[in-house]
Every structure is written in C-alpha cells, then in structure tokens.
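These notes concern the structure reproduced below.
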Amino acid sequence: MSHLAAELSRLRAAHLYRTPRLIQGPQGPRPLIDGRRMLAFCSNDYLGLANHPQVIAALKRGADTYGVGSGAAHLVTGHSSAHQALEEELADFTGRSRALLFSTGYMANLGVISALAGRGDQVFEDKLNHASLLDGALLSRARLRRYAHSEPEALSRMLEGEGIRLIATDGVFSMDGDLAPLPALARMARSADAWLLVDDAHGLGVIGEEGRGSLAHFRLDPDQVPILVGTLGKAFGTSGAFVAGSHELIETLIQRARSYVYTTAPPPAIAEATRESLRIARCESWRRERLQLLIRRFRAGAAELGLPLMSSPTPIQPLIAGSAERALAWSRRLDALGILVSAIRPPTVPEGSARLRITFSAAHEETDVDRLLKALGSLKRGDHLSGLAAVP
Ligand SMILES: Cc1ncc(COP(=O)(O)O)c(C=O)c1O
C-alpha cells in the first residue's frame, strides 16, 4: 500500500490535505474546538436551531416514545408515525402532494437521480453543482452533461436527444452562495419537455416566505419544478433530507431509489426534533431577518475594506483566495486571532478558486460580524490579503 502513502504526501505538498477538527460541545457561533473557544463562521446552521432547547426537548421526547434506532429500513418495520408526520409536514411546507425522507442529502441525490434516469438518458448539471448531484448522475449510468455555471443559454444548446432528460441544479450554490437562474431553467425545461430537479439545501429555511426557499423566492410552482430536494442538517439544524413532489414521483422513489430501499430508516427521534425545528423555522421569521441584517453589515464593512466579495444575497459569503496555499494561510491567520473560517479547496471548488467560505447564522451577534471584519482588516493591513484574486 505504499502508493497510498505517496498519494497522501502529494496531497500534503499541494496544500490539499484535510483533517477534521475536534468540536467539544454543541454547534453554535462559539464552539469549543481543540480546547479553544473560537468565533466560528463556517457552519450551515443558518437559523441557529442545531442547539435550540425546544428542538433538543423534542429529540428527548422522541427517544422516550420511539427509543433510539429505527431498527429496519422504511419498507420493513423502520417507518414510524414520527417519520410519517414529518413527511406530511414537509409536503405541506413545500406545497407538494408528498415528501419522502432520506437519511442524508447525499443519499437523497444519489437515490432520486438514479431512480429517474438510466442508460440512454441524459442528466444536465451546472458545473458548480454539489458533488452529490454529480455522483447521482454518474451512478445512474445516464450521460452526464455539465453546462457553464448559471448559463441557461449554454444548457439550451445541449438540450436535445432521445430518452429522459433531467436538469439538476443547486437552488443556492453551496460554495458560492448565488441563486441558480431558476425561472430560465424552468422555461427551458418546459419547452424541451425535460424534468427539472432543484436541490435547495441552502435555500430552504433561509430565503422566501416562511423559509420556503428558492422556489418561493422566484414564485415557481410544482409544475415548473416537479422535483425538489431539501436537506435537514443545515437551516433546520437536525439531520437527514427529503424529496418532495407528486404522488407518482414519490411512489417511484419508494420502488426504485436504492438509497431509500436498502438502508436503515433514520432514528424516529430525529424526525420528532425536525418537526419542531420546521415549526420554528416557519414561524420565526425574525431569524431570516436577522440573517439579512448580518449579511448587509458584513458586505458593507467588506466593501469599505476593499475586499472583493461575490454577488451572493445569502448567508454564504465566500472570499476567493485563488491558490489552496493562500486560502490555508488566511484561514490559519484568522485561527490565530480566535476566528474559525475554513479554507475550501479543490476538488470541492474548481482549481484556482480556493476560498474562505464565510457563513452567517441567526445566532451570530452584530458585534461578531464586526470582529470578523476587524480581523479581515488586520490581515489586509498586514499584507496577508495581498494579491486577492479577482472575483470570477
Ligand atoms: C447542495 C447540497 N446538496 C446536498 C448536500 C448533502 O447533504 P447532507 O449533508 O445531508 O448529506 C449538501 C451538503 O452537504 C449540499 O450543499
């Protein structure tokens, strides 16, 4: 296995080696990491629900009622009334006939794409789609065709051919924070008689009325976007994912999505916790308002400092470094100041676009944003931000 050691050395030398940090306690803006209290700007707990007392209480009640493990796959004896209630509430939330739970967003995307497309079909994907959407297409054995980021015209030139044609896109791009051009994609899908799948992992809970996400933001209905994927481990602060759509779509997934059929159902107590976090996310719109306030404050301060931000209206505010080495250096410098922002490097993002992926949560204070800006300012003055890459 010496070639493994050689490859690990190569990753280290290229500044692409990754290691998990040890977090000692709950998620939140001030996690205890490797024994140090940090101010963190890199979780996806956008609404601050991952450690919410009512969500924790719902999890405990769920465990008292259902125990810990679900014990079996949904189609055997793993599907509890907690799962069923959550699916019905997610269908109501998304304005669709049905919803189906998966254990993770990664599994939802593998399952839905490989259930709907196969050999002889085509899956069209934005170049910056999340890895799970790309992997779903590869697993399906359909032909994967990638179009330039957010360029519906590039897609329209490809959208011909026989068989099923499925267009799949992030709603909010996970590493850039921008919104996909969904109205144009929906028009294109309709005129080409193709299906449109939107993975709104970073939009649901965060944007649109009641946090209904990118589709609500653009006022798109289920006819225009028949397949909606949502995740529960980000704004909803728990774990898992779902696909929402028509009765026929969900029945097809129950028969054919292998990552639904051949796996143990998630713990019912997690479903109970998610029911509570969904309720809070829907009705506590102050969390979304607070996020917008923090985003505005950050963007205004960053502009004053002359930092080149991307045009993101969401809590994902990347600062492009260019090389992996530079992104790591910035992240380390912030770390020394007690601020945690992880460096995102290839292959998660394209070569030459390594970055600090700064994210905000409704649990942050305005003074937290000021502290981050001050730290970025000191980096800039100390010339650590010299040679900032141009925004692509
Ligand atoms: C757009 C997108 N889809 C799917 C996923 C996967 O979701 P999960 O973390 O629940 O597997 C992620 C992030 O992890 C994501 O950013």
Side-chain angles (χ1 to χ4, degrees), residues 18 20 23 27 42-47 49-50 86 90 94 99-114 123 125-139 146 149-150 166-182 185 196-207 211 213-215 217 225 227-244 253 257-260 263-267 270-271 273-274 277-278 281 312 314-318 342 344-345 347-350 355 357-361:
R18 310 175 192 212
I23 165 154
Q27 199 48 247
C42 42
S43 96
N44 300 318
D45 179 24
Y46 302 119
L47 298 181
L49 296 178
L86 176 58
L90 288 167
T94 56
L100 189 73
L101 286 173
F102 285 77
S103 296
T104 69
Y106 192 94
M107 290 168 75
N109 283 334
L110 292 192
V112 65
I113 297 178
S114 60
V123 181
E125 300 211 17
D126 189 291
K127 280 211 161 138
L128 295 190
N129 270 0
H130 188 260
S132 55
L133 287 168
L134 299 168
D135 292 356
L138 294 174
L139 186 67
R146 299 173 73 182
H149 176 53
S150 280
L166 172 65
I167 304 166
T169 181
D170 284 23
V172 170
F173 286 91
S174 56
M175 295 298 134
D176 292 59
D178 55 333
L179 273 65
L182 294 182
L185 294 177
L196 179 56
L197 178 161
V198 174
D199 171 355
D200 209 16
H202 299 273
L204 285 168
V206 176
I207 56 175
S214 312
L215 305 190
H217 173 86
V225 182
I227 309 155
L228 173 64
V229 176
T231 61
L232 303 170
K234 304 184 195 304
F236 300 107
T238 60
S239 177
F242 66 93
V243 178
L253 297 180
R258 294 166 68 87
S259 58
Y260 173 81
T263 193
T264 301
I270 293 286
T274 308
S277 71
L278 176 61
S312 161
T314 68
I316 304 167
Q317 296 288 328
S342 52
I344 306 286
R345 294 161 284 163
T348 306
V349 291
R355 65 197 63 188
R357 179 178 180 266
I358 297 166
T359 57
F360 296 104
S361 159

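Any value given below was found using the heavy atoms of this structure, including those in side chains, with hydrogens, waters and symmetry copies removed. Because the structure is predicted, anything quoted here is derived from the model rather than measured. Both counts, for ligands and for their atoms, begin at 1 and track the order of listing.
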Consider side chain to side chain contact (heavy atoms under 4.5 Å, CB included). Of Thr359, Ile316, Leu179, Ile207, which one does His202 pass it with? Ile316
Run the side chain to side chain donor-acceptor pair (under 3.5 Å) test against Arg345 and tell me which residues pass, sequence neighbours left out. none
Approximate separation, where rounding is to 0.5 Å, of Leu133 CG and Asp170 CG: 5.5 Å
ring-ring contact (aromatic ring centres under 6.0 Å, His included) with Phe173: which residues, sequence neighbours excluded? His149
By chain and number, the residues contacting ligand 1 below 4.0 angstrom (heavy atoms only) are Thr104, Gly105, Tyr106, Asn109, His130, Ser132, Asp170, Ser174, Asp199, Ala201, His202, Thr231, Lys234
Is it the case that Asp200 and Ser214 place a side-chain donor and acceptor less than 3.5 Å from each other? yes
Under the side chain to side chain donor-acceptor pair (under 3.5 Å) test, which residues partner Thr238, sequence neighbours left out? Thr274
